[in-house]
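For reference, the structure is listed below as structure tokens.
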Amino acid sequence: MAGNQSIDLHVHSVYSDGSLTPDRLAWLAVQRNVSALAITDHDSLAGADDKLAACLSHGVECVAGVELSCELDGREAHILSLFADPASGCAGQLADISRFREKRMRLMLERLESLGIHIELPDLRIGESGAYGRPHLARAMVEKGVVKNLNEAFGRYLHDGGPVYVEKRRLPMAEGISLAKKLGGAAILAHAGISGLLDDLDRFVEAGLDGIEVYHPKHGGETIASLLAYCRSRKLLVSGGSDFHSPGDGAEIGSTRTPRELLEPLRELAAARKG
Ligand code: AMP
Ligand code: FE
Ligand code: FE
Ligand code: ZN
């Protein structure tokens, strides 16, 4: 069994815009032969104890992590902090970002209202999460019968620049990298291939990036090969994950088949950082 074990270092839970609890995620990980799981919620390390307990109870290794929403020249750049320390003194900075997400959600609800669509904050069932995201709103719109599915919600209303869209607070890329490291984790550029950032990788490295999420469901073979070569040439660590949010909605847990041997270098770097 050990030979074909893989890991998944990028999934979302009810602590941000995913639809499953940590317990359900850990259970699914076992079904899919995933031996280590990083539940990297958006801009939040909330639920760290719950995630750890869920993974422990299913015999899956838990990697504490978070996905930070950052920007580079107006483009989204998501930085993962893997093997982060949930008790880090910097966790307060994440709470500020989450508070801003709530403010932003209220603004988006006002925009919907002006279009004659009435949804209130309590209609967004955000569970344990402080990190309101557009998927919460999209699901509420489906429940209210405003749209048929999430695609329609994003396509008609919520997409970047769409009629209901309000920008969220995003850290400048270099600040995101430094926060990821201050949290004690390895700073990894998520889904580098889907945000139009491939020509700017040197700028991330100059800002202190530790590694790149090479394995991601939206990366084709060519992107993976060129990112692997880039990591080799710049001595960057390699990571991978499914970016799973919800069953049937994008890639499933473990689908990126990220090799287990990538885990130790990430762990060692983060351990050295925590000193
Ligand atoms: P936010 O962080 O609130 O800006 O929302 C971004 C999140 O929305 C992403 O992390 C995805 O989970 C989700 N998302 C973005 N675009 C789409 C889409 N077209 N369909 C479904 N979910 C999407
Ligand atoms: Fe998301
Ligand atoms: Fe992301
Ligand atoms: Zn993600």
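Just follow the structure's listing: the first ligand is 1, and inside any ligand the first atom is 1. Starting from 1, each residue takes its place in the sequence as its number.
Between OD2 of Asp17 and NE2 of His245, the angle at the Fe ion (ligand 2) works out to 120°, rounded to 10 degrees.
Of the protein's non-hydrogen atoms, the one nearest atom 13 (C) of ligand 1 is Pro135 CG, 3.6 Å. Looking at atom 9 (C) of ligand 1, its nearest protein heavy atom turns out to be Asp17 OD2, 4.0 Å. Residue, atom and distance of the protein heavy atom nearest to atom 12 (O) of ligand 1 are His245 NE2, 2.9 Å.
Here the two rings, on His219 and His191, have centers that are 6.0 Å apart or farther.
Within the structure, the closest approach of Arg104 to ligand 1 falls below 4.0 Å when heavy atoms are considered. In this structure, His159 does not count as a contact residue of ligand 1, since none of its heavy atoms falls inside 4.0 Å of the ligand.
Of all protein N/O/S atoms, those under 2.8 Å from the Fe ion (ligand 3) are Glu67 OE2, His78 ND1, His191 NE2, and waters are not counted.
Counting only non-hydrogen atoms, the option in Lys168, Arg134, His42, His191 that gets closest to atom 2 (O) of ligand 1 is Lys168. Nearest residue to atom 16 (N) of ligand 1 from Tyr132, Phe154, Tyr165 is Phe154 (criterion: closest heavy atom).
Side-chain contact between Val66 and Leu82: absent, with no pair of heavy atoms (C-beta onward) separated by less than 4.5 Å. Side-chain atoms of Met108 and Tyr157, non-hydrogen and from C-beta on, never get closer than 4.5 Å to each other.
Cluster partners of Leu25, using a side-chain heavy-atom cutoff of under 4.5 Å among ILVMFWY residues and allowing indirect links, are Val11, Leu20, Trp27, Leu28, Val30, Val34, Leu37, Ile39, Val60, Phe244, Ile253.
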